[in-house]
K.L.:
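Dropping a structure here in structure tokens format, bear with me for questions.
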Amino acid sequence: MNNVFVNMPILSVLIWLPILGAVIILAGDSDRDSDGSRSRWIALGVSTVELVLAIALLAAFNPHASGFQFVEIMDWLPAYGVSYHLGIDGISLFFVILTALLTPVVILASWREHRRIRTYMAAFLLMEALTIGMFESLDFLLFYIFFEGVLIPMYLIIGIWGGERRVHAALKFFLFTLAGSLPMLLALVWMWQHAGTTNMVTLAHMPIPASVQDWLFIAFLASFGVKAAVWPMHIWLPEVYGEAPLPGTVMLAAVLSKMGAYGFLRFSLPMLPEASAYFAPLMFVLGVVAVIYISLAALAQRDIKRMVAYSSAAHMGLIVVGIFTLSIVGIEGALFQMVSHGLVIAALFLCIGVLLSRGQSRMLDQLGGLAARMPVFATFLMLFVLANVGLPGTSGFVGEVLVLAGAIKVNFWVALLTGTGMILSVAYMLVLTRRVLFDNARYSSNVATNDLNGREWLMLAPIAVLVLFLGIYPDALTVPFSHAVQTLVHETLAAGRAVPSGRLAMVTR
Amino acid sequence: MINESGMFSLALPIVAIAASALVMLLAGILSKRDHAFAITGAAIFVFAIVGRLVFVAPTGVGFHGMLITNAFTRFADILVLLGAIGALVLSASFNQRVGIARFEYPLLVMFAVIGMLVLIGADNLLSLYVGFEIQSLSLYVLAAVARDNLRSAEAGLKYFVLGALSSGLLLYGISLVYGFAGTLDFAGIARAASGAAGARLGSMVGLVFVLVGLAFKVSAAPFHMWTPDVYEGSPTSVTSFFATAPKVATMALLARVLFVPFGPMLPHWQLLVEIIAALSMIVGAIGAVRQTNIKRLLGYSAVGHMGYALIGIAAGTAAGIRGTLIYIAIYVVMSLGTFGCVTAMSRKGKPVERIEDLAGMAAEDPRYALALAIFMWSMAGIPPLAGFFGKLYVFLAAIHAGLDVLAVIAIATSVIAAFYYLRVIKVMYFDRGAPGFDPRSIGMNVVIYASAIGLVLFIFVPGSVTVASAQAAHVLLGSGF
């Protein structure tokens, strides 16, 4: 299988194919596409081909090899040590696949969208390309370009197709993320002139003075923290998630938030090992506060979309805790949780989309009794709710257990408080389920309650199957992870041990 | 020193423009009908030819040390010509529409360009001043070219008064430098500046005045006050010229003056340039936030951009000059495109200038909206557009030179600036409306789409501009130190 790709730059194809699709959609003759069906089918076709390629990538990926695979390298600014450098390892592989999986799903979910459909489809394809490019980059400058470029399509998606306060939300999203990213740009420039290259593999092995590491860590935290919506940098999140159109929210919650967490794994840990160890307690605090405080906030929501949005942010807290345990178990747990959260949160938002498309309200006190009227929908929703709270047998369970196992080795209280947060998530998710599915029907009679149609089955069923499959057979993820995580942890810990003990005073081991 | 016959080949581009401008002037006066359109076309043609002549002319020093040509002046010359060509292309149909299509217009642009080429190549404070005045006088007239229009006349007068003040300051500074250094020659000043302490102190005072005079022209804060008013008051075709060619010429001159004659005094002027850069970025960012007129907005944005470009000069290294040159090159393209979009904003032959007039543009004319959005995102420095690379190179120079505070100010102002650039995009994409603009001329379309495509595709070939600007930077430093 691997031989097929020897002569085919599959990673580049994954980036450029959607861009090509977007250009074709935008350049097309608008008169011949008045109802937008041509744009829809092009977008769906391109994203499906992407998915097939991503699955082929998974099949060709060798989980037992260490280092990066499918590496492509081309001169870009040779005089400055910058190159077009792509490659994937166990850590990035599944985020490429997750993006490729969710893009056709959200395009299906927006099949009924009719406002400026060409711009819409082009924006989603562009976002897919930039996101995949970001996960594949092995050059810091290239990474930054993709990381920041995502703002452009997302700004348009929120601002054009969002809810009532969309303009404000779009601006908030853009400025918060930009303000977070620019410190990273300075950090990038510093590392660039320090090392003479932006090759991420080289940068990961470059010693950086401890005093500078602290500053760089803070710069990275500003950037990745805002993207991943780590408390207290999550304040943009409720409004943006609430106002974005549903497919946009799905991409934001499932994929864009992972960019931040991925950044911690790809940059903060390997490049700034000493600062990571030094700041780990701070990150635990941020993570634990996120889990508990944001869960409580979720409990107080009356709007189901916002409730799921808060739930998403709370789970990001769990991921942050897992990453900064700096242990193999914890990081594998965080990675597992990232994939699982991507699937489950996407599915929950899609379920809300199903309700909205039937004219149902988003308000909890205007919903109810759907279990009897829409049994298939209810089954799906229940499954995803249970996966979200981490019921054994679903993918959510594996991630949580691994993170807690990693955390308890570091500090009992961190594990305990994180676990408490998880219990709170059960509380609000069950409130949601009861109100939507089982309470007396409060909706007015003019809303439709027909059960899922074929298109919606196509959206939700694959995710449901994956959630169950990963819950039953977690090795499907952990085996490909393991090599990359082991390398990461051994390098990080090795560098961390070299630190004078005084600097580790902040760590409560 | 090149012999007498070689001297003119050194000034070939300048001579070519001057000769053809005089011929066209005669033709314009003698003919009964006004051939504004034909003369504009001829001027564009001449500029294009001169763009080639810049490379034909040999490099070296001539006219008894008055004029110099090298890789640096070539780089700046080409940018000036590019800006002038773009502005003329935009002006052709715009001027007809607003009734200022006279043959004097392209001629004044040509005379201004002569001034710019002279001051870029000046190797003596005297030729610098002559070039400066040729440029400025042409620009004063251009600002007031719509003489029946009150705002245009006001802009012309304002520009003239403040410009005359800055010329006075410049001249005073030059006289001080002459008094202490005993020469006007760049190389001579450099020798004096690295010599006795007394001469250095006196030259420093002179340098401050020279710097202030030049800062006026590039509209760097705190000498930027004229910029928004003149941008707003002048006809848009004139503003699009103001925003491009003179900015390049003066910025190039600033770099040459600081690095060649005053190169040895780098530690003395560095802080001064840092302060000007920081102030420009802050004023540009904050001043633009409340603007409703798109030309005023671009005026403040120009102030901010000059601040970013000055970071490179403040760094005081070859990497810094390279950063400034790349920034200016990209800025010229962004400005041309943006002003192309602004000149296209007119209803029933009357120009409209409020940002709200763009409401609903994305639905009505998606290509125009996309192009203007690309310019705005590029000005905000969002990758993968070219504007990002401009910022990247100056940040690289700043961090390398240890100007951390300046870099932090730069990113803070970038976020504020992004706010108002985004507002333009917001109005086009998110607001409802029906702009109903007049159809655009072919020239406008060419400028708009060529700039937009250039800014998008820059990412694929960043090498070429980088190499050219790096060579230019090395030449400058090589002759300075």
Side-chain angles (χ1 to χ4, degrees), chain A residues 19 23 26-27 30 75-80 82 84 115-116 118-119 122 130 133 141-152 155-162 166-168 170-171 173-194 215 219 222, chain B residues 319 322 362-363 365-367 369-370 373-374 376-378 380-385 388-389 391-402 404 406-408 410-423 425-431 456 459-467 470:
Chain A
I19 292 182
V23 170
L26 281 183
S30 54
D75 277 349
W76 189 30
L77 275 172
Y80 304 92
V82 182
Y84 174 80
R115 291 167 295 169
R116 298 200 217 159
R118 294 163 67 213
T119 319
L130 293 170
L141 188 60
L142 197 63
F143 172 89
Y144 185 84
I145 288 171
F146 285 126
F147 187 83
E148 194 84 328
V150 174
L151 288 183
I152 294 178
Y155 175 72
L156 292 180
I157 288 171
I158 299 172
I160 301 180
W161 297 280
R166 63 205 160 85
V167 174
H168 190 246
L171 190 66
F173 169 75
F174 198 103
L175 290 185
F176 263 85
T177 322
L178 185 68
S181 307
L182 283 170
M184 180 168 78
L185 179 62
L186 287 190
L188 183 165
V189 167
W190 190 90
M191 292 171 87
W192 185 2
Q193 67 101 16
H194 184 70
W215 286 107
Chain B
R322 184 188 70 208
D365 189 349
R367 292 201 180 134
L370 184 64
I374 286 172
M376 291 295 117
W377 271 316
S378 181
I382 307 297
L385 302 169
F388 165 72
F389 289 91
K391 285 214 167 73
L392 182 70
Y393 281 107
V394 291
F395 286 169
L396 192 61
I399 296 283
H400 190 69
D404 298 345
L406 206 55
V408 171
I411 61 168
T413 53
S414 290
V415 177
I416 304 175
F419 169 74
Y420 59 77
Y421 293 127
L422 282 181
R423 211 180 55 196
I425 301 172
K426 172 222 143 197
V427 168
M428 287 193 302
Y429 276 87
F430 307 163
D431 290 357
V456 171
I459 186 171
F460 297 107
V461 282
S464 51
V465 178
T466 316
V467 169

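Residue numbers begin at 1 in each chain, while the letters A, B, ... track the order of the sequences. Owing to the predicted nature of the structure, the values given are computational and were not obtained by experimental measurement.
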K.L.:
What's the shortest heavy-atom distance between B/Ala418 and B/Ala380, and which atoms?
P.N.:
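Closest approach of B/Ala418 to B/Ala380, heavy atoms only: CA-CB, 4.1 Å.
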K.L.:
Heavy-atom cut-off 4.5 Å, strictly under: side chain, backbone, both or neither for A/Pro183 against chain B?
P.N.:
both
K.L.:
Ignoring hydrogens and geometry, is there a side-chain-to-backbone donor-acceptor pair from B/Trp377 to B/Ile425 under 3.5 Å?
P.N.:
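Checked: no pair found.
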K.L.:
I'd like to know if the side chain of B/Arg322 and the backbone of B/Ala397 have a donor-acceptor N/O pair within less than 3.5 Å.
P.N.:
no
K.L.:
Which bit of A/Trp190 is near chain B, if near means a heavy-atom gap under 4.5 Å: side chain, backbone, both or neither?
P.N.:
both
K.L.:
Please report the closest heavy-atom contact between A/Leu171 and A/Tyr155, naming both atoms and the distance.
P.N.:
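Nearest pair, atom of A/Leu171 first, then A/Tyr155: N-CE1, 4.1 Å.
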K.L.:
Looking at every heavy atom in both A/Trp161 and A/Thr119, which two are closest together, and how far apart are they?
P.N.:
CH2-C, 3.8 Å
K.L.:
Please check if the number of heavy atoms outside B/His400 that lie under 6.0 Å from its NE2 is greater than 12.
P.N.:
no
K.L.:
Under a 4.5 Å heavy-atom cut-off, does chain A meet the side chain of B/Ile416, its backbone, both or neither?
P.N.:
neither
K.L.:
I need the residue from B/Ile459, B/Thr466, B/Val408, B/Val467 with the largest number of non-hydrogen atom pairs under 4.5 Å to chain A.
P.N.:
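Heavy-atom pair counts peak at B/Ile459.
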K.L.:
Answer with side chain, backbone, both or neither: which region of B/Val461 has an atom nearer than 4.5 Å to a non-hydrogen atom of chain A?
P.N.:
neither
K.L.:
A/Leu130, A/Ile145, A/Leu141: which one forms the most heavy-atom pairs within less than 4.5 Å of chain B?
P.N.:
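Ranked by heavy-atom pairs under 4.5 Å with chain B, first place is A/Ile145.
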K.L.:
Check whether A/Ile160 gets within reach of chain B through its side chain, its backbone, both or neither, counting any heavy atom under 4.5 Å.
P.N.:
both
K.L.:
Report the option among A/Leu156, A/Leu151, A/Leu178 that has the most heavy-atom pairs separated by less than 4.5 Å from atoms of chain B.
P.N.:
A/Leu156
K.L.:
What part of B/Phe430 gets within 4.5 angstrom of chain A, counting heavy atoms only: side chain, backbone, both, or neither?
P.N.:
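Contact with chain A is through both the backbone and side chain of B/Phe430.
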